[in-house]
Every structure is written in structure tokens, then in C-alpha cells.
Amino acid sequence: MPDATFPLPEYPAYDPAAIEASWQKRWADNGTNAPNLESGKDPYYQLMMFPYPSGEGLHIGNLFAFTGADIHGRFQRLQGKTVFEPIGFDSFGIQTENYAMRVGEHPAALTPRNVQRFREQLQRAGLMVDWTKEVITSDPSYYKWTQWLFLQLYKQGLAYKKAAAVNWCPSCKTVLANEQVKDGLCERCESLVEQRLLEQWFFRTSKYAPRLLENIATLDWSEVTKQAQRNWIGRSEGAHVTFRVANAHDVTVFTTRPDTIFGATWLVLAPEHPLVAEITSAAQRTDVAAYLERTKTQDVVSRRVSKEKTGVFTGAEAINPATGQPIPVWIADYVLMEYGTGAVMGVPGHDQRDFDFAQNFALPVIRVVVNASDDAATPLTEAYLSKSDADVMVNSAHFSGMPVPQAKAAVTAWLQERSSAQAVVNYRLNDWCISRQRYWGPPIPIIYCDSCGPVPVPEEQLPVVLPLIEDFRPDDSGISPLARHDEWYRVPCPECSAMGRRETDVSDNFLDSAWYFLRYPSANRSDVPFDAALTKRWLPVTTYIGGNEHAVLHLLYSRFITMALKDAGFIDFEEPFTRFRAHGMIIRDGAKMSKSKGNVVNPDDLIDRWGTDSFRTYLMFLGPYEEGGDYRDSGITGVRRFLDRIWASMHECVTTGAPDPVVVRKLHATIKKVGEDIPQLSYNTAIAAMMEYVNVLRTNERTVHRDEVLPLVQLVAPFAPHIAEECWAYAGGVASVFDGGWPTYDPALLIADTITIAIQINGKTRGTVIVGKDATQPDVYAAAMLEPNIAKFLQDEPKKVIYVPGRLLNIVL
RNA sequence: GCCGACGUGGUGGAACUGGUAGACACGCCAGACUUAGGAUCUGGUACUUCACGGUGUCCGGGUUCGAGUCCCGGCGUUGGCACCA
């Protein structure tokens with residue numbers, strides 16, 4: 001930066017702090033970033049994932065995410081679209097509640113402060129956010145509609161209550177979703193997770209599994225995200241096969257390998273299977289009871305992580321419908337009640353888990369699939385998982401000798417004829433448990449009445465306001481703290497007016513964020529969750545940019561809610577996000593930033609030192625936006641120099657004379673490149689292209705013409721909006737640079753008069769020649785012969801000559 | 001175990017459908033202007049060789065006139081899921 005002791009320049013030094021504050025104020029005063037949602041032409045809904053307002057303030061990852069989304073939104077605006085770029089705060093939830101407990105404050109006191117701090121930081125970040133449509137999920141004006149949403153799903157039969165074995169964290173004292181359990185430990189506090197049986201509210205996400213899966217193909221989303229969704233939904237084709245058990249009961253299993261049924265030498269039920277009690281023989285009752293007790297009290301770690309196969313014999317026998325032979329029925333906790341039918345057939349020869357089980361309990365192994373080169377008599381040392389289409393059946397009655405793929409269908413059909421099987425498709429997507437026995441969330445709007453049962457709170461009585469209570473801490477009763485407050489808890493039944501009790505569970509934080517994008521355009525409306533006309537005009541979201549850590553849950557829940565609302569007739573689309581792009585993660589020194597590692601970077605300090613524009617541009621320059629990058633302190637100087645040079649060029653430029661054609665040619669190439677890179681989120685290469693242009697622009701301190709620099713100001717505007725506005729205004733631009741459009745390029749100017757052709761001998765580059773742009777192969781060849789370095793190789797006639805016009809000539813000797 | 005991504009100078013990273021590997025930037029070296037330089041500008045910077053040249057995109061094969069890019073087989077790093085029948 002220029003020093004004050006030096007002869008003063010004739011123009012003001014680039015002072016980011018001053019111009020950034022001034023432009024942020026002007027944008028707010030002029031409503032620059034608040035589009036007219038009713039009438040703006042070409043609506044473009046640019047969404048970014050709203051932050052959870054933590055006590056630590058915004059971190060660099062947030063700003064990386066938001067800046068990337070903002071650049072995209074600003075670019076769309078420069079293309080003439082009316083861009084709506086809202087933001088809000090995901091302020092309910094267990095994170096805030098846990099933080100509040102840690103610092104000994106009430107979440108209701110903490111949240112507004114955190115939100116305010118986030119707001120200030122976000123405003124400094126120079127985002128094109130429409131602050132008039134801000135949404136705060138913990139505000140009654142928002143969660144009123146979250147509760148309304150619950151009621152709509154309830155009416156549709158998509159919300160129901162059931163007793164379920166849940167993951168219980170003894171430290172957080174709450175139920176955890178399966179997704180919140182990592183290796184049997186609580187995702188947040190890393191305590192051992194236990195199992196408990198509780199009455200919970202569920203949404204029927206499983207009903208939508210096929211649609212959620214099929215629609216993925218129609219979405220313009222990052223491929224990684226789509227794949228993660230597919231895996232999560234987990235479709236598998238197979239069959240339900242029914243076994244007769246103890247001459248009295250039918251037990252249905254799900255299998256993806258019906259072809260291996262001749263190798264099924266036992267049947268296993270999950271410990272929670274409803275038939276366990278009925279089929280257990282008198283002799284085995286004690287052992288079974290002991291086993292059930294053990295699996296129930298066992299913590300989830302030993303159940304889910306140690307894959308040791310345990311089990312107990314029920315004393316019952318089942319008939320294998322293929323062989324007609326009796327096989328023993330076992331109970332084992334490697335069978336999960338949540339998946340399939342909660343029962344499986346044990347085929348030790350061709351399933352590794354069954355093989356391990358057979359080893360532990362000395363159960364017979366029958367091989368029913370062999371590879372062409374294998375001998376069926378060789379004892380197996382592990383399960384043979386059929387991988388080749390050349391595998392054939394053995395020991396399988398009249399199916400022996402049949403190739404495996406064919407046998408899958410044939411065996412199913414054969415069993416089906418005998419009413420023992422049915423081809424089915426199974427999904428691993430479970431229903432969504434939305435109950436949380438906690439305080440900091442929207443109370444689920446249900447009242448229990450002794451005579452009427454569960455009664456939904458009438459819509460006109462919403463919101464069910466979360467009461468301000470001092471002792472919001474959960475205890476280990478498993479019941480929400482709200483139950484301890486009679487004046488809130490006791491309430492008349494809406495139907496019969498007898499005294500009833502409120503549901504004390506609050507809903508999952510993911511429900512708050514599963515519909516916020518619907519609320520934004522209608523954020524100022526208190527009478528409806530979303531205005532019909534505005535929703536029609538602005539949704540679905542045009543482009544959504546966010547972290548891939550939400551690739552599964554948040555995005556899937558949002559899709560589910562959107563589908564449910566469509567089916568209920570509230571909206572006319574069923575996919576909320578037309579285009580989704582996942583950004584990468586910012587790491588430092590090859591590792592995630594974390595407080596414990598002490599490698600956290602504070603964005604405020606960087607903005608103070610270098611300015612928002614430099615900081616934004618630097619974040620985008622670190623690496624490909626969709627991959628993230630490695631943060632280093634040293635690199636930001638290069639970006640700041642780049643902006644300094646733009647500033648200097650603008651203030652030193654002349655309007656007399658004509659722009660240099662060579663510079664103009666480079667300018668047009670840069671306009672093309674930047675305009676192509678931004679929509680693909682190739683921000684790092686767009687910035688590199690502009691830097692290259694600046695290097696040409698200022699070569700040897702040449703005099704810059706205004707027409708050479710003004711389009712550059714427009715190109716850089718999405719990245720560095722404040723300096724762009726300032727330069728635009730300096731050059732006499734009226735209004736905002738963002739209403740000035742995007743520069744166009746002349747394709748004719750991109751074609752140079754001369755081109756450089758690489759000359760290769762046997763594929764090895766030996767030199768280059770410069771020829772006219774229309775040079776033919778003989779022209780290039782002749783030119784190459786004038787180069788001594790090339791000519792010396794050509795004592796003999798070349799065998800072959802390959803010419804790639806405009807690129808290279810390869811002479812093969 | 002399953003699914004995915006990635007592997008290029010001292011560093012972050014470029015390289016469109018196979019076509020001059022290392023754009024751009026940091027750092028470093030040298031020079032200019034300077035009382036000064038942590039400002040600005042200019043030049044250089046993959047490795048190796050005095051040079052001509054040779055070698056280079058994780059390793060080993062292959063396809064091709066030509067491979068960072070495509071194919072096969074390894075190794076490594078990283079993200080997600082995981083007793084899902």
C-alpha cells in the first residue's frame with residue numbers, strides 16, 4: 001500500500017474499510033438488494049443454506065459457502081434476472097440448547113444475541129441479501145407454521161405415533177436419530193448411546209421412498225449428492241419368502257437372493273420380532289429370555305460395532321418351502337427389526353454374516369452356487385458371494401446347473417406358484433422420527449384427552465407458544481422439561497373441553513429447515529405460511545448452494561415435505577430445488593479447522609486487515625469451489641494486489657485516443673472466459689483469467705484507456721462488489737453496477753491473425769512455428785522445415801504427418 | 001465391507017471433447033526506482049546438464065502418431081454409509 005510520506009498520488013488510495021461501509025449503507029438505503037417479488041421480471045431464486053447461529057460467530061466455512069452462492073446470484077442479476085437472495089437463522093435445536101446449558105444461559109436470551117452478531121457479520125460480508133425477508137425459525141411467527149405443517153401431515157395420515165426403540169444419549173438426555181449416532185457414540189458429546197423404548201411421533205417418509213428415488217434422475221444436482229441420496233434410500237430388489245414355523249405361524253423373510261433358498265439351513269428373527277414369544281418352546285424359554293434381556297440392556301456399541309454374532313435357539317422349527325425340510329429357528333441381534341421383515345433365512349454358504357453365525361453355532365453349510373472352475377465339494381472358508389454371471393446353481397433340485405441371474409427369477413417364480421414367495425422391492429429408508437424430548441424447539445401441536453385420545457390443536461389456536469421456563473434442562477426421565485409446567489401442560493381438550501394434556505415433545509430441528517425456502521418470499525405474511533401467488537412465481541428454488549454434509553438428511557426431508565404439500569394440494573411442484581450444487585470444505589494445513597486444533601481463522605480479523613472484497617475473492621481463489629481448498633495466510637496478498645491494480649487502472653485511465661487492439665482482444669477473451677466459468681462455479685479460474693487480463697492491461701506501466709478497464713470492473717463485480725460499485729460510480733455509471741448489465745464479447749475478435757503451432761517429431765515437441773490463421777498442413781510443414789531444430793531430424797521421408805489445425809503438427813519418422 | 005472423490009513444481013492450484021504439462025497466485029532469486037522497503041515496477045523460477053540434450057503429472061502394464069487426461073492391475077490420501085439380508 002502506498003505510504004503517506006511518499007508524494008501523494010493524485011487520486012485517493014484504495015481504502016476498503018471506507019468504501020465497503022459506504023456501499024453497504026447505500027444498498028440498504030436504496031433497497032438495492034430487495035427485489036420486487038410481485039413484479040420483477042425473470043425471477044431467479046438463489047438460495048444458500050441458512051446458518052445455525054452459534055455462540056462462536058460466523059466462521060470461515062460459512063463465508064466460503066455464502067460468498068460462492070452470492071457470486072452466483074450477483075452474476076444472475078448482471079444477466080438481467082430479478083434475483084431473490086434471502087437468508088435467515090436456523091436458531092432452534094439441540095445445538096443451541098446444549099450451548100446455552102454449557103454457558104449457563106437461557107436459549108431464549110442467548111439466541112437473539114447470537115442472531116444479532118451473525119447479522120452484523122453477514123452484513124459486512126457484502127452479500128446481496130434481501131434483509132426484508134429474514135426468517136428466524138425460533139420466532140413464533142415462523143414456528144407457528146412449522147406446527148401448521150405438522151397438522152397438515154397429521155391430517156394426511158403422514159404423521160403417526162408409535163413406541164420405538166430409540167437411541168438414548170445419557171449425557172444429552174435425549175433421543176438421537178440414527179443419523180446422530182456415530183459408531184455407537186453420540187455425534188455431539190461422544191457418550192455411549194443406550195437403547196430405550198419411547199412413544200414417538202414419526203413422519204411416513206418410507207411411503208415416499210420410490211418417488212424420492214425416481215425423481216433424483218430429473219434433478220440438476222451435484223452427482224455426489226444424488227448418489228448419496230440414492231444410497232440412503234437404498235432400493236433393493238428381492239423377494240418375500242414365507243416359512244411355516246412350528247406348524248402354526250407364517251414367518252416372512254426378505255432376501256435379495258431367493259435363488260439361494262436351497263442353501264437356507266436355518267431361520268433367524270430379530271429379538272424384537274413379534275412372533276418371538278409365541279414360537280419359543282417351553283424348554284428354551286429361559287435361554288431366550290436371557291438373550292432378549294441381554295440385547296435390550298446392551299449398549300448400542302456392542303450391538304452395532306462389534307460384529308460378533310450372538311444368538312439363541314427358539315426350540316421351534318420352520319419348513320424350508322423349497323426343500324420341504326425342517327430347519328431350526330433362531331433369534332439373533334444381527335437381524336435388524338427396522339429393515340425388511342425383521343427376519344432372514346440363514347444361507348451360510350453365500351452370506352458372510354450367516355457364515356459367521358454358522359461357525360459360532362455349528363450349523364450346517366450347504367453350497368448352492370459355484371463358479372465354473374470351482375469344485376462344489378471343496379469346503380468353504382468364507383461365504384461365496386456370487387460376483388460373476390458365469391456362476392451356476394448346485395444342490396438346488398431342478399435348478400442345479402442354471403446360471404445365477406436366471407435362477408433368481410426362476411426360483412422366485414417357482415416359489416410364487418406355490419404361494420411361498422413374492423417378488424418385492426425393499427427400501428432402507430425409514431420413517432422419520434421427529435420427536436425430541438427437549439425444550440428448544442416447536443412444541444408438537446397435539447393435546448391428549450382421556451376420552452377423545454390425541455387431538456390436533458385447532459389451526460386458529462396456533463402457535464402453541466413455547467413457554468419461557470427457567471428449568472429447561474432435560475432430566476433422565478425421558479420426558480420433555482415442558483411436562484413439569486402444569487400451567488402450560490394442562491389444557492382443555494379442543495373437542496370435549498375436559499382437561500387434557502399437551503404433547504410435551506418438540507419437533508426435530510430438521511423440520512424447521514425442511515420448509516424455510518417456502519417461507520422466504522412470504523416472510524412478511526402473518527396470515528398464511530406461504531402466499532399462493534408468490535410461491536407460484538418464485539418456487540421451486542432456481543439454484544441452491546450448500547454443504548454436502550446435508551446431502552442426505554436436510555435435502556431429503558425438504559423433498560419429502562415438498563411432496564407431501566403437493567399431495568395435500570398446497571403447491572403444484574414436488575421437487576423444491578431445481579438445481580443444487582455442493583461446495584467443498586475449507587481446510588487448513590490439510591486438516592479441518594477446529595478449536596481443539598487451534599487452527600481456526602477468524603474472518604473478522606481478515607476483513608479488518610484486507611477488506612471484504614479481498615477476502616471474498618481470496619476465498620474463491622483458494623481452489624475449485626466444489627472441492628474446497630487449503631487456507632493459507634500468505635496468499636491473500638496476491639488478491640489484494642490484483643484489486644489495487646484495478647483501482648489504480650480505473651483512476652489513472654484516460655478517455656482520449658483509442659484502446660489498444662491487443663488489449664481489447666485479451667479483454668474479449670476474458671469476458672468470454674469469466675462468463676462461462678461463473679455459472680459452472682469455476683470461480684478460481686475466472687479470477688485467474690481476470691488477473692491475466694490485468695497483467696496485460698498494465699504491461700510496462702502503459703497508459704490504460706477507460707474502455708479497457710470499465711468492462712473489467714463489471715466482470716469483477718460479483719466477486720468484489722464494493723470496489724466495483726466505487727469504480728463504476730467513479731467512471732460516471734448511474735445507479736448500481738449490478739443494474740448495468742454484463743459486458744458482451746465479439747467472437748470475431750477472439751480469432752487471432754497468427755497462430756502458434758507446436759511441431760512434434762514422433763510425438764515429442766521440438767519447437768513451434770508461427771503461421772497465419774488460415775495456414776494449411778503444407779504451409780505449416782514448410783514453415784517447420786525452416787527451423788533448424790526440426791529440419792535436422794528429417795534426413796528421411798516422414799512415414800506419416802498428423803496435423804491438428806490450430807494446434808500442432810506431428811511428424812512420424 | 002459398500003459407495004464416492006482425489007493423487008501434477010518449494011506451496012495452493014491450471015490444462016475444454018486425448019494435442020506445446022505447470023496458466024494464475026504465494027514463496028524464492030535478481031534488477032529498477034529509492035535515505036529506506038514489508039510499497040511499486042521489470043525479469044527469472046519443474047528436475048538434471050557447462051552445453052547440445054535428457055527426464056518428468058503416485059507405481060506397473062496397455063491402447064494411440066500422441067496419454068495428466070482413456071483401459072487394466074496395484075499403492076496412497078480423503079469423504080460418506082455400514083450386521084440393510
Side-chain angles (χ1 to χ4, degrees), chain A residues 1-3 5-6 179 182-183 223-225 227-228 230-232 234 236 238 253-257 260 268 303-309 332-336 338-347 350-354 356-357 385 426-430 548-549 551-552 584-585 587 590 618 621-624 626-639 641-642 644-645 648 673 676 682 684-692 694-695 698-701 756-768 789 798-804 806-813:
Chain A
M1 274 173 272
D3 193 283
T5 60
F6 230 63
E179 313 63 73
K182 298 267 179 269
D183 294 336
E223 203 46 52
V224 280
T225 311
Q227 199 50 47
R230 285 191 197 101
N231 293 343
W232 191 261
S236 44
V253 304
F254 173 72
T255 176
T256 54
R257 296 293 307 276
T260 63
V268 217
R303 174 148 186 192
R304 299 211 174 201
V305 176
S306 123
K307 299 191 174 166
E308 174 70 22
K309 299 290 175 293
D333 68 359
Y334 79 90
V335 178
L336 308 175
E338 311 90 74
Y339 185 75
T341 60
V344 303
M345 60 185 198
V347 183
H350 307 286
D351 181 290
Q352 190 55 43
R353 293 155 304 184
D354 294 342
D356 296 342
F357 193 73
L385 307 173
N426 201 55
Y427 296 88
R428 53 158 267 171
L429 181 68
N430 289 323
N548 221 22
E549 67 273 18
V552 178
M585 201 170 45
I587 55 171
Y618 179 54
F621 190 57
L622 282 176
E626 291 177 86
E627 285 165 37
D630 202 335
Y631 179 86
R632 289 159 300 132
D633 293 311
S634 57
I636 195 167
T637 56
V639 170
R641 273 177 208 152
F642 164 65
D644 279 335
R645 280 148 66 88
K673 171 85 175 144
E676 285 169 357
S682 298
N684 57 334
T685 52
I687 295 165
M690 290 187 282
M691 286 174 165
E692 244 182 280
V694 170
N695 290 342
R698 294 180 65 79
T699 308
N700 291 319
E701 300 181 287
T756 305
I757 303 285
I759 307 298
Q760 298 185 333
I761 305 290
N762 289 337
K764 202 167 227 347
T765 305
R766 296 291 176 179
T768 59
N789 265 347
K799 283 202 193 92
K800 194 171 171 185
V801 177
I802 288 133
Y803 180 52
V804 184
R807 290 215 175 254
L808 59 73
L809 185 79
N810 188 12
I811 301 167
V812 184
L813 298 175

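It should be emphasised that the depicted structure is a prediction, and the values quoted were computed from it without experimental measurement. All chains are named by letter (A, B, ...) in the order of the sequence lines, taking the proteins before the strands, and each is independently numbered beginning at 1. The analysis underlying the following values was restricted to heavy atoms, covering all of them including side chains, and did not include hydrogens, waters or symmetry mates.
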Excluding sequence neighbours, so at least two apart, what forms side-chain hydrogen bond (donor to acceptor under 3.5 Å, both in side chains) with [X]?
| X | answer |
| --- | --- |
| A:Lys673 | A:Asp677 |
| A:Thr341 | none |
| A:Asn810 | none |

Counting only side-chain N and O atoms of [X], is one of them less than 4.0 Å from OP1 or OP2 of [N]?
| X | N | result |
| --- | --- | --- |
| A:Arg807 | B:U20 | yes |
| A:Asn684 | B:A14 | yes |
| A:Arg645 | B:C41 | yes |
| A:Lys764 | B:U55 | yes |
| A:Arg766 | B:G54 | yes |

Residues at least two apart in sequence or cross-chain that pass ring pair (Phe, Tyr, Trp, His ring centres under 6.0 Å) with A:Tyr618, listed by chain then number, are A:Tyr631
Applying the Watson-Crick and G-U wobble criteria at under 3.5 Å, what pairs with B:G68? Answer none if nothing qualifies.
none
With a 3.5 Å limit on both atom pairs, tell me what B:A39 is paired to, counting Watson-Crick and G-U wobble, or say none.
none
Can A:Asn231 and A:Arg428 be counted as having a side-chain donor-acceptor contact under 3.5 angstrom?
no
Chi-based syn or anti call at B:G9, which uses purine or pyrimidine torsion atoms and a 90° bound:
syn
How would you list, by chain and number, every residue that makes a salt bridge (charged side-chain N to carboxylate O under 4.0 Å, His left out) with A:Arg698, sequence neighbours excluded?
A:Glu652
What nucleotide among B:C81, B:A39, B:A23 has an atom nearest to a side-chain atom of A:Arg641?
B:A39
Would you list the protein and nucleotides 62-65 of chain B atom pairs, both N or O, that sit under 3.5 Å from each other?
residue, atom, partner, partner atom, Å
B:C65, O2', A:Asn810, ND2, 3.3
B:C65, O2, A:Asn810, ND2, 2.5

Output the rounded distance in Å from CG (A:Asp644) to P (B:A25).
14 Å
Rounded to whole Å, please give me the gap between CG in A:Asp633 and C1' in B:C26.
12 Å
